[in-house]
Each structure stands twice: as C-alpha cells, then as structure tokens.
Amino acid sequence: MEENKDVVVDSDSAVVGGVEDVYGEDRATEDQLITPWIVSIASGYTLLRDPKFNKGLAFSEKERDAHYLRGLLPPAVITQELQEKKLMHNIRQYQLPLQKYMAVMDLAARNDRLFYKLLIDNVEELLPIVYTPTVGEACQKYGCIFKHPQGLYISLKEKGKILEVLKNWPERTIQVIVVTDGERILGLGDLGCQGMGIPVGKLALYTALGGVRPSACLPITIDVGTNNEQLLKDEFYIGLRQKRATGQEYDELLEEFMSAVKKNYGEKVVIQFEDFANHNAFKLLSKYTASHLVFNDDIQGTASVVLAGVVAALKLIGGSLAEHTFLFLGAGEAGTGIAELIALEMSKQTKAPLEETRKKIWLVDSKGLIVSSRKNSLQELKKPWAHEHEPIGDLLSAVKSIKPTVLIGSSGVGKAFTKEIIEAMASFNERPLIMALSNPTLQSECTAEEAYTWSKGRAIFASGSPFDSVEYEGKTFVPGQVGDVTFVEANNAYIFPGFGFGLVISGAIRVHNEMLLAASEALAGQVTQENYEKGMIYPPFSNIRKISAHIAANVAAKAYELGVATHLPRPGNLVKYAESCMYSPVYRSYR
Ligand SMILES: NC(=O)C1=CN([C@@H]2O[C@H](COP(=O)(O)OP(=O)(O)OC[C@H]3O[C@@H](n4cnc5c(N)ncnc54)[C@H](OP(=O)(O)O)[C@@H]3O)[C@@H](O)[C@H]2O)C=CC1
Ligand SMILES: CC(=O)C(=O)O
Ligand SMILES: [Mg+2]
C-alpha cells in the first residue's frame with residue numbers, strides 16, 4: 001500500500017500537536033502534506049487581516065461586538081482621520097524615499113481604504129513616493145523589497161494556461177488592467193519582472209486620482225525574461241532567469257494573453273500598455289487597437305498631457321499652435337506619440353493636411369536630426385518626421401539651425417539639455433517652452449534650476465519628475481513656480497486616470513485619437529486664470545480628482561459621439577455622473 005503522506009494522528013509520533021490541533025497542522029513534520037484552509041466569512045481575525053475590509057482601531061464598539069473582534073484590538077477607538085494623521089507622521093520620520101515607499105505599500109497590504117485616503121489627501125507629498133521617481137528605485141530593488149504579490153505574474157511558464165492564471169486572481173469584475181513586460185521601465189531600461197512596481201503604482205493612481213474602485217484594477221507583469229545581465233546574476237531577482245523571448249515566442253504569449261483577457265473580462269476592460277520597449281509597444285498597439293479596448297500610456301497618454309501643456313502655454317507665450325516650431329530630443333514612444341498628436345491638433349485647427357502640419361515638428365534621435373536622407377534606414381515610426389534638411393549630428397546644432405520655440409526632451413538621457421542649448425533657446429525666444437519629460441529625476445534632460453538660471457528666468461519649464469525648491473539670486477523658489485518659470489509635472493499621470501475612467505463610465509469598447517484630443521482639451525481647460533497669472537501651464541495636482549472628472553466626462557462625451565460607448569442611455573451631465581461614480585475611501589459601517 002502506498003504510504004499516506006497526509007497528516008495522520010498517531011499517538012506514538014514524536015511530533016506533539018498543539019492544544020485542539022484537529023487539523024493536525026502542528027503535528028505535521030516538514031515532509032508531511034497539509035491542507036491550506038480558511039474560513040470564508042470575514043469576521044474576527046480574518047476581518048482584520050483582509051485589506052479590503054480592515055479598519056484597524058477605527059472599528060466601532062458595536063462592530064467589535066458584532067464581528068467577533070473583542071480582544072483582538074486594544075480598547076481605543078479612533079477615527080480614520082486620526083489614523084491618517086498618525087501614518088503621515090510615521091511616514092515623514094523616514095529619511096529615505098524607498099523606506100517611505102515600503103511603509104506606504106505595507107499600508108496598502110493592510111488597509112485599502114486608509115491607503116487610498118492617505119494618497120488622495122496627501123497627493124502632492126505621496127505622488128513622488130508611489131510614482132516617479134521613487135517607484136523607479138523600487139523596481140530596481142524589487143527583488144529585495146518583495147513581500148507579497150500585488151498583481152499577476154504571467155511568465156513563459158504559464159504559456160497555454162493564461163486563462164487559468166487570470167481566474168486565480170481573487171476579483172472577478174475587472175475594469176482596468178495595466179500591463180508591462182518590464183523592458184523599458186521609465187528611463188531605467190530593462191528591469192524584467194521587477195517592472196511590476198509600475199502597473200501597481202499606475203493603478204494606485206487610477207483609484208486615487210481617477211476614482212476607479214481598487215478591486216476593479218488588475219496590475220499584470222508579463223515575464224518573457226530579461227536582457228539585464230545584472231538582474232540575471234542577482235540572487236534576489238524574482239523573474240525568469242533567461243534572456244528575453246522574442247519573435248514568434250513573444251507574439252504567441254501576448255496573443256494568448258490578449259484573448260484570455262477578453263474571454264475572461266469581456267470587451268469593456270481597459271488594457272493599458274505601460275513601459276514596453278518601443279519595438280513591441282507600437283506593434284501591440286496597432287495589432288490590438290481594432291479588436292480590444294487598448295491604450296498605450298507612453299505613446300498616447302503622454303501625447304495628450306503634453307499637448308494640453310503646450311496649448312495652455314500658448315496663453316503665456318502667444319501665437320497659435322501652428323505658428324510654433326517643435327524640436328524633440330528622443331524619437332521613440334513618447335517623442336513620436338506627442339509629435340503626432342500635436343500635428344493632428346494643428347491639422348484640425350488649420351484644416352491643413354497632416355503631412356503639412358508634421359513639417360512644423362522636428363525630431364532628433366541617437367543618430368542626430370531625422371532628415372529625408374536617412375529615410376531608408378529609419379524605423380517606420382520615424383519616417384513621417386524625415387523632412388528635407390541637411391544632416392545634423394547633435395542637438396545644439398539642430399537647435400541653432402531649426403530655431404524651435406518649443407524644446408521637448410523624451411530621450412531618457414539625463415542632462416542632455418546643456419547650458420549652451422538652453423541659452424540658444426533663450427537667445428531667439430522671449431519665452432522658450434522647455435519640457436524635460438524623461439523619468440525618473442536623474443534621466444531628466446535638465447533640472448528646473450538649470451532651465452531657470454540658464455534662461456535668466458524667461459523659460460517656461462515643465463518636467464516629468466518633480467524637482468525640489470530652488471535657490472536663485474538669494475530667493476527660494478518652490479516647485480510649481482519660480483518667478484516666471486514654472487516647473488510643474490508634465491507627466492501622463494494627469495491624463496491616464498481620468499482617461500481610463502471616461503472609458504469605464506461610458507462603457508467604451510475602443511479608443512480613438514479624437515478621445516485623446518478630448519482629454520487634452522479638458523486638462524488644458526482646467527488651468528485657471530489664477531494659474532496662468534503664476535505662469536503655470538498645468539493645474540495644481542491637489543485638484544486632480546476634479547480634473548479627472550472633467551477629463552473622464554470629455555472622453556466619455558467623445559465616446560458617445562463616436563458611437564463606441566455602450567453605457568446607455570447617455571447620462572445628461574457627464575461631469576456630475578463621473579463624480580458620482582468615483583470611489584470614496586471613507587470607511588463604511590458594518591451591520
Ligand atoms: N513625462 C511623462 O509622462 C513620460 C515620460 N517618458 C520618459 O521618456 C523617456 C523616453 O521614453 P520612450 O519614448 O518610451 O523611450 P524610447 O526608447 O521609445 O525612445 C527613446 C528615444 O530617445 C533616443 N535617444 C536615446 N539616447 C539618445 C541620445 N544620447 N541622443 C539622442 N537621442 C537619444 C532614442 O534614439 P534611437 O531611436 O536612435 O534609439 C529614441 O528615439 C523615458 O525616460 C521615459 O521615462 C515616457 C513616457 C511618459
Ligand atoms: C511617466 C511614464 O509613463 C514613463 O516615464 O514611462
Ligand atoms: Mg510609462
């Protein structure tokens with residue numbers, strides 16, 4: 001007879017069980033199998049351990065009686081506000097941003113609502129922690145700080161079983177998925193499976209800034225290996241230890257993933273592609289745009305946010321969009337995505353064909369200015385930008401020759417906007433618009449201080465990652481505004497939460513460029529006269545939920561107009577409707 005490996009109650013066993021050890025867990029030796037089991041009603045200790053329902057010391061006396069919590073908590077009953085105050089006090093004690101990140105993520109694992117309340121009420125302070133720049137460091141060290149899964153990991157090992165993997169996730173109704181394959185994490189390159197910090201951070205913003213319920217958000221990392229040698233050698237690395245799969249093997253895994261998502265969650269789940277390398281990002285977007293509700297944040301969300309900033313800046317620098325000349329450093333996802341949306345908006349405004357409006361926009365890549373003589377060797381995405389011009393190898397020469405009014409950094413190369421470049425911009429522009437979009441902070445093409453001092457206070461500056469206050473000529477300037485220079489965040493975080501929420505509330509089934517323009521228009525429309533007077537080109541982040549409601553409403557309105565909305569009848573007042581649908585983190589009372 002085969003030996004029974006399950007736990008057997010054996011009075012002669014050397015292993016002595018605990019008191020009332022009816023399931024035999026305490027008696028099990030390490031080589032014996034045990035059955036993991038839980039009680040399914042969330043009460044007592046289980047309730048305290050469930051982040052979705054846990055309220056910690058905020059459970060009332062009545063709730064403590066009704067839900068078997070007596071004795072499991074100390075006697076004090078405190079409010080959610082006091083819990084928030086205590087946590088912020090504790091978080092502020094940490095010196096290192098990564099420690100703050102870990103403390104905040106630990107809270108998320110313990111108590112959903114308190115986590116989101118903290119994030120919503122302290123958005124400007126906590127955004128640099130859960131998002132860029134700290135999330136970049138967290139991804140680099142994810143293997144070391146990993147405590148428990150915060151999303152789904154789908155690796156090559158799960159090939160053929162992806163639908164089953166999706167079913168393992170505890171929530172059934174999913175509205176937004178943010179997925180990465182970790183190959184281009186911010187400007188930090190290939191971080192493989194450790195890119196998980198990005199979908200987790202982006203979805204935290206979907207809830208805190210956009211109002212999507214946390215249980216409807218699903219972070220996913222697709223692990224096809226990594227080409228990052230350092231990670232492959234790192235004993236704490238949490239991903240597959242192999243080089244990246246490419247070609248057919250990659251395409252088949254992604255195809256299985258995309259069809260499993262549609263099969264499991266239906267047509268109306270938003271799939272946000274995030275931080276894929278550009279050779280896959282453009283391919284995936286064009287492959288699935290007609291069959292799925294897909295949105296690439298780096299290409300499309302960034303485009304929408306930058307267009308909004310440029311349109312708002314026109315109030316300060318004058319002229320219409322088509323009267324400006326744009327030069328980009330970086331011709332990848334962000335660069336070409338932004339360029340295309342600006343050209344589209346110009347074309348809409350002037351009725352000139354897109355081929356014409358594109359000529360107002362120039363891009364520089366790692367090989368220099370993109371010009372027609374390079375056309376045969378260019379990636380498809382760059383070809384529309386190959387205008388007639390003599391070849392130029394470096395950015396400074398390109399700036400001097402093109403004389404742009406707007407300079408945009410989307411290269412991931414820190415410090416690429418040198419003193420000479422900013423001075424050149426300031427020499428032929430009264431108010432040069434300079435956007436250093438690359439993340440995290442060290443990748444920024446220049447700092448706020450550099451843009452300010454080198455332009456002698458005339459630049460309008462916006463960056464992808466936040467900057468600390470600046471001392472200039474004896475004055476301390478805080479982020480948001482320095483004299484005439486503004487350095488608020490030109491980051492897709494302004495757009496994607498409201499954009500995705502707009503898709504969700506309208507039941508949209510496809511994304512169209514017109515919807516990106518609608519989002520951009522809504523964001524630019526939220527910059528107030530008071531903001532303009534301070535030189536700001538984005539509204540303050542502290543108003544982000546109101547801003548998101550406006551973005552969502554504009555996106556939803558466009559979805560209805562284009563006939564891709566399925567939530568019928570169309571609500572009359574979409575802003576009010578969006579606000580009414582937003583998740584609130586305030587504790588609920590339990591019967
Ligand atoms: N603020 C925001 O909201 C966002 C910011 N970003 C940031 O933008 C950066 C780029 O992202 P993404 O566009 O997706 O990346 P890509 O890899 O798609 O594109 C990078 C581009 O930069 C060019 N480049 C790289 N090195 C140099 C160099 N030394 N000189 C000139 N050009 C160079 C590359 O040239 P080549 O094509 O020749 O290789 C490529 O065209 C990242 O840091 C990312 O964090 C991205 C999305 C949103
Ligand atoms: C902000 C963002 O999406 C990026 O840097 O990739
Ligand atoms: Mg990104």
Side-chain angles (χ1 to χ4, degrees), residues 127-128 130-133 135-136 139 178-191 195 197-199 201-202 205 272-283 285 295-309 327-340 362-370 374 377-383 385 392-399 408-418 421 435-445 462-466 487-497 499 523 538:
L127 207 62
V130 297
Y131 195 57
T132 182
V135 71
C139 288
V178 176
V179 57
T180 188
D181 73 355
E183 192 170 1
R184 196 285 278 145
I185 293 300
L186 306 175
L188 301 171
D190 183 351
L191 298 185
I198 293 292
K202 292 269 174 184
L205 304 198
Q272 175 166 319
F273 293 121
E274 193 69 51
D275 291 9
F276 282 75
N278 75 36
H279 58 103
N280 287 320
F282 286 97
K283 208 171 62 183
L285 188 59
F295 163 68
N296 184 302
D297 186 35
D298 301 297
I299 302 170
Q300 299 172 298
T302 315
S304 188
V305 82
V306 171
L307 175 62
L327 180 64
F328 287 77
L329 181 73
E333 293 170 68
T336 62
I338 302 162
E340 188 66 9
W362 298 83
L363 292 99
V364 171
D365 66 6
S366 64
K367 298 190 176 63
L369 188 66
I370 296 181
R374 291 179 55 197
S377 60
L378 287 173
Q379 270 174 285
E380 277 312 308
L381 65 110
K382 294 179 185 171
K383 285 188 175 159
W385 311 101
I392 293 185
D394 67 286
L395 181 64
L396 178 60
S397 309
V399 167
I408 298 179
S410 50
S411 62
V413 182
K415 302 276 175 207
F417 292 171
T418 58
I421 288 169
M435 299 175 113
L437 301 179
S438 295
N439 300 315
T441 317
L442 284 179
Q443 268 61 38
S444 189
E445 283 79 6
S463 55
S465 293
F487 42 104
V488 287
E489 281 187 83
N491 193 295
N492 50 31
Y494 266 112
I495 287 283
F496 72 79
F499 186 85
L523 177 57
Y538 289 101

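Atoms within each ligand, like the ligands themselves, are counted from 1 in listed order. What's counted below: heavy atoms across the whole structure, side chains too, no hydrogens, waters or symmetry copies.
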Per-atom contacts of ligand 1 with Val413, taking only distances under 4.0 Å to non-hydrogen atoms: 26 (N), 27 (C), 28 (C), 29 (N)
Do you know which two heavy atoms are closest between Val179 and Phe276, and how far apart they sit? O-CE1, 3.2 Å
Looking at side-chain heavy atoms only, is the closest gap between Leu395 and Phe417 below 4.5 Å? yes
Checking heavy atoms under 4.0 Å, the part of Phe496 that sits near ligand 2 is neither
Atom 19 (O) of ligand 1: nearest protein contact (heavy atom, Å): Gly332 CA, 3.3 Å
Heavy-atom nearest pair, Tyr538 first then Val306, reads OH-CA, 3.6 Å
In terms of atom number and element, which parts of ligand 2 are under 4.0 angstrom from non-hydrogen atoms of Leu186? 4 (C), 5 (O), 6 (O)
Just heavy atoms, cut-off under 4.0 Å: does Lys202 contact ligand 2 by side chain, backbone, both, or neither? side chain
Side-chain touch Lys202/Asn492, heavy atoms, less than 4.5 angstrom: yes
Without hydrogens or angle criteria, can the side chains of His279 and Glu183 be said to hold a donor-acceptor pair below 3.5 Å? yes
Going by the angle between their ring planes, with limits at 30° and 60°, are Phe499 and Phe295 parallel, tilted or perpendicular? parallel
May I ask you to list the atoms of ligand 1 that are less than 4.0 angstrom from any heavy atom of Asp298? 47 (C)
Any heavy atom of Gln443 under 4.0 Å from ligand 1? The part involved is neither
What atoms of ligand 2 come closer than 4.0 angstrom to any heavy atom of Glu274? 3 (O)
Note: Asp275, heavy atoms under 4.0 Å from ligand 2, region reported as side chain
For a 4.5 angstrom cut-off between non-hydrogen side-chain atoms, does Leu188 reach Pro440? yes
Less than 4.0 Å between a side-chain N and a carboxylate O, is that true for Asp365 and Arg374? yes
Are a donor atom and an acceptor atom from the side chains of Ser465 and Thr132 found within less than 3.5 Å of each other? yes
Restricting Asp298 to its N/O/S atoms, the closest one to the Mg ion (ligand 3) is OD1
In Asp275, what N, O or S atom is nearest to the Mg ion (ligand 3), if we give its atom name? OD1
Geometry only, no angles: is Asp298 polar-contacting ligand 2 at N/O separations under 3.5 Å? yes
State, to 0.1 Å, how close Ala490 and Val305 come at their nearest heavy-atom pair, and which atoms those are. C-CG1, 4.4 Å
Record the part of Asn492 in heavy-atom contact with ligand 1 below 4.0 Å; permitted values are side chain, backbone, both and neither. both
Val364, any N or O under 3.5 Å of ligand 1 N or O: no
What I want to know is whether Ala490 and ligand 1 share at least one N or O pair that is separated by under 3.5 angstrom. yes
What residue and atom, counting heavy atoms only, is the protein's closest point to atom 25 (C) of ligand 1, and at what distance? Ser411 O, 3.7 Å
Where's the contact between Ser410 and ligand 1, heavy-atom distance under 4.0 Å: side chain, backbone, both or neither? backbone
Side chains of Leu186 and Val135 in contact at under 4.5 Å (non-hydrogen atoms): yes
Take Asp275 and Leu191 through the side-chain contact (heavy atoms from CB on, under 4.5 Å) test and state the conclusion after the steps. CA-CA 10 Å; Asp275 291 9; Leu191 298 185; over 6 Å; no
What is the closest protein heavy atom to atom 23 (C) of ligand 1, and at what distance does it sit? Gly330 CA, 3.8 Å
So which of Ser438, Gly189, Ser463 gets nearest to atom 8 (O) of ligand 1, if we judge by its closest heavy atom? Ser438
Provide the closest heavy-atom pair for Tyr131 versus Ala493 in the form atom of the first, atom of the second, distance. CE2-CB, 3.6 Å
Distance to 0.1 Å, residue and atom name: give those for the protein heavy atom nearest to atom 38 (O) of ligand 1. Ser366 OG, 2.5 Å
Min N/O separation Leu437 to ligand 1 under 3.5 Å: yes
Quick check: does Lys367 get an N/O under 3.5 Å from an N/O on ligand 1? no
Thr180 and Glu274: side-chain donor and acceptor closer than 3.5 Å? no
I need the atoms of ligand 2 closer than 4.0 Å to a non-hydrogen atom of Asn492, numbered in the order shown. 1 (C), 2 (C), 3 (O)
With heavy atoms of Leu329 as the reference, note each atom of ligand 1 found under 4.0 Å away. 31 (C)
Relative to the heavy atoms of Tyr131, which atoms of ligand 2 are at a distance of less than 4.0 Å? 1 (C)
Any non-hydrogen side-chain atom of Leu307 less than 4.5 Å from a side-chain atom of Leu523? no
Does any part of the side chain of Val364, heavy atoms only, come nearer than 4.5 Å to the side chain of Ile392, both counted from C-beta? no
For atom 15 (O) of ligand 1, what is the nearest protein heavy atom, given as residue, atom name and distance? Arg184 NE, 3.8 Å
Atom 13 (O) of ligand 1 has as its nearest protein heavy atom Ala334 N, 2.9 Å
Heavy-atom distance to atom 32 (N) of ligand 1: which of Asn278, Asp365, Asn296 wins? Asp365
Are the side chain of Thr302 and the backbone of Asp298 linked by a donor-acceptor contact shorter than 3.5 Å? yes
More than 12 heavy atoms from other groups under 6.0 Å of NZ on Lys367: no
Within the 4.0 Å heavy-atom cut-off, what Asn439 brings close to ligand 1 is both
Test your reading of the structure: does Gly464 have an N or O sitting under 3.5 Å from an N or O of ligand 1? no
What one should report as the nearest heavy-atom pair of Ile421 and Ala416 is CD1-O, 3.5 Å
Mind listing the closest non-hydrogen atom pair of Glu445 and Ser410 along with its distance? OE2-N, 3.3 Å
Counting from 1, what ligand 1 atoms have a heavy atom of Lys382 closer than 4.0 Å? 36 (P), 37 (O), 38 (O)
Identity and separation of the nearest protein heavy atom to atom 5 (O) of ligand 2: Asn439 ND2, 2.8 Å
Find, among atoms of Glu274 that are N, O or S, the one nearest to the Mg ion (ligand 3), and state its name. OE2
Minimum-distance protein heavy atom relative to atom 48 (C) of ligand 1: Thr302 OG1, 3.0 Å
Here the atoms of ligand 1 under 4.0 Å from any heavy atom belonging to Ala331 are 21 (C), 40 (C), 41 (O)
Region of Thr132 that comes within reach of ligand 2 [heavy atoms, distance under 4.0 Å]: neither
